[in-house]
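Below is one structure, written out as structure tokens, with a few remarks after it.
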Amino acid sequence: MHWDIGIDLGTQSVRMAELKSGPVMSAPAALAFREGNRTPICAGEIAQRLVGRTCEGVEVVYPLRDGVLENNLYAARMFQWLFKRSESVNTRRRFGAMITCAPFARPVQKEAMLTAAIDAGAAEAALVRSDAAAAIGAGLDLNGPEAKLLVDVGAGKITATLFTFGRVAAFGYLPYGMNRVDDRIRRILRSDYGYRVGAAAAEEIKHTLGSAMPDKAPRDIIMHAVGINVAQRMPVNFDVETKPVLDACEDVVSELARLVNTVVDNAPEELSADLNDAGAVLTGGGAAMTELDRRVGQALGIPCRVADAPETCAVRGLWRVMENPEAYRGVMMERQSKQVW
């Protein structure tokens, strides 16, 4: 099958690549629906701006939750929106779509993802392991005999995978991602300090004050934020200190460190020894957290680095798989074709 388009659909964002052009699009994976209507009124960046600002009868939704498909209708509408913006799709009557999928997705979720792509207009659809696509996009040679450890830190999921000879030697995951840090920041600010902040404000606080090494993080930094005083029920400007943000980050980062340790401990001895030279690679939008590479490296006792443009590794790797699908047959999961009567 000739694969014309690749889609990296994540919990918070979606990226698209075309066979002839490479990565061509990156947008929030948001859809805005009016109550009782199965067609979205807007999608992408415009829908993302409506989060927290919707009026009565309008809802902003995401097709994925915690890294796996939650609603196949939302996925089909997202694929339709993407297909309409692809030059490869508009010039071909039949096209194939390749889509990343979480390795721990259940069979019913995989089938629903493929069906959504077919319903959106694709003649054939295939799923590719999201961690394998990220590893390929990060420049790792998965087909070599040496072990490659990839830690994919996303908004809705965190995976740690050890590859060799194009196959998975050890794997582990957390069914949540860096969005949990945002949720805990909002919970701490509300319960301990009496302020309510939105999701966008919590994410900004995380990026500004968060760190994976709390012992070495500066404690005298204060960030100005805007929220609602719960007691007075009034919008106010207030200062956010570093400590509550570091506490929120530590819960997730410590679980991530234990995850990678478990994956390496469960791997064959010779493969684990290869990591002394190869080290670990971090991908995903969450890999940009301050000092996260040092924290993972200290937990494993091996070198660790953040891939170039870590948030786009999966779509770049997906593009390479589209160019040479035979060389990466081991990372393919499921495929489905449109039934012609």
Side-chain angles (χ1 to χ4, degrees), residues 1-34 37-50 59-65 67-102 105 109-130 133 137 156 311-312 314-323 325 332-341:
M1 179 65 189
H2 184 77
W3 305 105
D4 302 283
I5 186 172
I7 298 174
D8 175 32
L9 180 58
T11 304
Q12 289 290 334
S13 61
V14 60
R15 296 176 176 86
M16 182 172 64
E18 295 180 353
L19 180 61
K20 297 181 179 180
S21 307
V24 294
M25 179 182 176
S26 177
L31 296 165
F33 284 86
R34 185 172 284 112
N37 197 334
R38 295 169 62 89
T39 301
I41 57 177
C42 59
E45 185 67 34
I46 299 177
Q48 179 72 17
R49 295 176 185 174
L50 295 178
E59 181 184 15
V60 178
V61 298
Y62 297 84
L64 269 61
R65 182 176 181 180
V68 294
L69 185 65
E70 183 182 34
N71 189 297
N72 57 344
L73 172 65
Y74 299 160
R77 296 298 180 264
M78 175 59 68
F79 291 148
Q80 286 179 347
W81 180 71
L82 293 170
F83 293 161
K84 290 179 180 179
R85 283 154 179 77
S86 172
E87 294 183 0
S88 299
V89 171
N90 293 333
T91 57
R92 295 178 64 90
R93 299 183 64 181
R94 290 176 57 85
F95 62 91
M98 192 173 284
I99 307 163
T100 58
C101 182
Q109 293 169 326
K110 297 177 185 178
E111 183 178 359
M113 182 81 79
L114 292 172
T115 302
I118 297 296
D119 292 343
E124 187 166 358
L127 299 181
V128 177
R129 288 182 64 109
S130 58
E311 67 279 358
T312 64
V315 70
R316 286 187 279 127
L318 193 61
W319 179 40
R320 291 186 57 185
V321 176
M322 292 165 55
E323 291 181 315
M332 307 283 284
M333 300 174 68
E334 309 279 348
R335 63 190 299 169
Q336 181 176 326
S337 301
K338 178 181 292 185
Q339 299 294 330
V340 179
W341 297 89

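Heavy-atom basis, side chains included; hydrogens, waters and symmetry copies ignored. Values in this document were obtained by computation on a predicted structure and should not be read as measured data.
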Any heavy-atom pair between the side chains of Asn71 and Met78 that's under 4.5 Å?
no
Minimum-distance pair of heavy atoms, taken over all atoms of Ser337 and Ile118
C-CD1, 4.2 Å
Nearest-0.5 Å distance that lies between atom CD in Glu45 and atom OG in Ser26
9.5 Å
Criterion side chain to side chain contact (heavy atoms under 4.5 Å, CB included) on Leu82 and Ile7, from CA distance to verdict
CA-CA 9 Å; Leu82 293 170; Ile7 298 174; 3.7 Å; yes
Check the pair Thr39 / Gln80 against side chain to side chain contact (heavy atoms under 4.5 Å, CB included), numbers first and verdict last.
CA-CA 10 Å; Thr39 301; Gln80 286 179 347; over 6 Å; no
Is any side-chain heavy atom of Arg15 closer than 4.5 Å to a side-chain heavy atom of Glu311?
yes
From Ile99 CD1 over to Leu9 CG, what is the distance, rounded to the nearest 0.5 angstrom?
8.0 Å
Might you work through the side chain to side chain contact (heavy atoms under 4.5 Å, CB included) test for Glu70 and Val61, ending with a clear yes or no?
CA-CA 10 Å; Glu70 183 182 34; Val61 298; over 6 Å; no
Say you draw a straight line from CH2 of Trp81 to CE of Met25; how long is it, rounded to the nearest 0.5 Å?
3.0 Å
Can you tell me how far OG1 of Thr115 sits from NZ of Lys338, rounded to the nearest 0.5 angstrom?
12.0 Å
After noting the C-alpha distance and the side-chain angles of Cys42 and Leu50, does the key distance pass the side chain to side chain contact (heavy atoms under 4.5 Å, CB included) rule?
CA-CA 10 Å; Cys42 59; Leu50 295 178; 3.8 Å; yes
Sequence neighbours excluded, the answer for side chain to side chain contact (heavy atoms under 4.5 Å, CB included) partners of Met98 is Trp3, Val128, Leu318, Val321, Met322, Met332
Short question: side chain of Arg316, backbone of Gly137 - any donor-acceptor pair under 3.5 Å?
yes
May I ask you to decide if Met333's main-chain N or O and Arg129's side chain share a donor-acceptor pair within less than 3.5 Å?
no
Should His2 and Leu19 count as side-chain neighbours, where that means a heavy-atom distance under 4.5 Å?
yes
All heavy atoms of Gly10 vs all of Ala29, minimum pair found to be O-CB, 3.9 Å
Minimal non-hydrogen separation, Phe33 against Arg38, with atom names
CE2-O, 3.4 Å
Can you confirm whether more than 12 heavy atoms, excluding those of Ile46, are under 6.0 Å from its CD1 atom?
no
Shortest non-hydrogen separation from Val14 to Pro28 and the atoms involved
CG1-O, 4.1 Å
Is the Phe83 ring parallel, tilted or perpendicular to the Phe95 ring (thresholds 30°, 60°)?
perpendicular
Which residues share a side-chain hydrogen bond (donor to acceptor under 3.5 Å, both in side chains) with Thr11, sequence neighbours left out
none
How far apart are the closest heavy atoms of Ala76 and Ala120, and which atoms are they?
O-CB, 3.7 Å
Can you tell me how far CH2 of Trp319 sits from NZ of Lys20, rounded to the nearest 0.5 angstrom?
13.5 Å
Please tell me if the side chains of Met16 and Phe79 come closer than 4.5 Å, counting only heavy atoms from C-beta onward.
no
Residues which pass side chain to side chain contact (heavy atoms under 4.5 Å, CB included) with Arg320, listed by chain and number, not counting sequence neighbours
Ile136, Glu323, Tyr328
Considering all heavy atoms, the nearest Ala47-Ala32 contact:
CB-N, 3.9 Å
Calculate, to the nearest 0.5 Å, the distance between atoms CG and CG belonging to Leu114 and Asp119 respectively.
11.0 Å
Side chain to side chain, Glu111 and Glu334, heavy atoms closer than 4.5 Å:
no
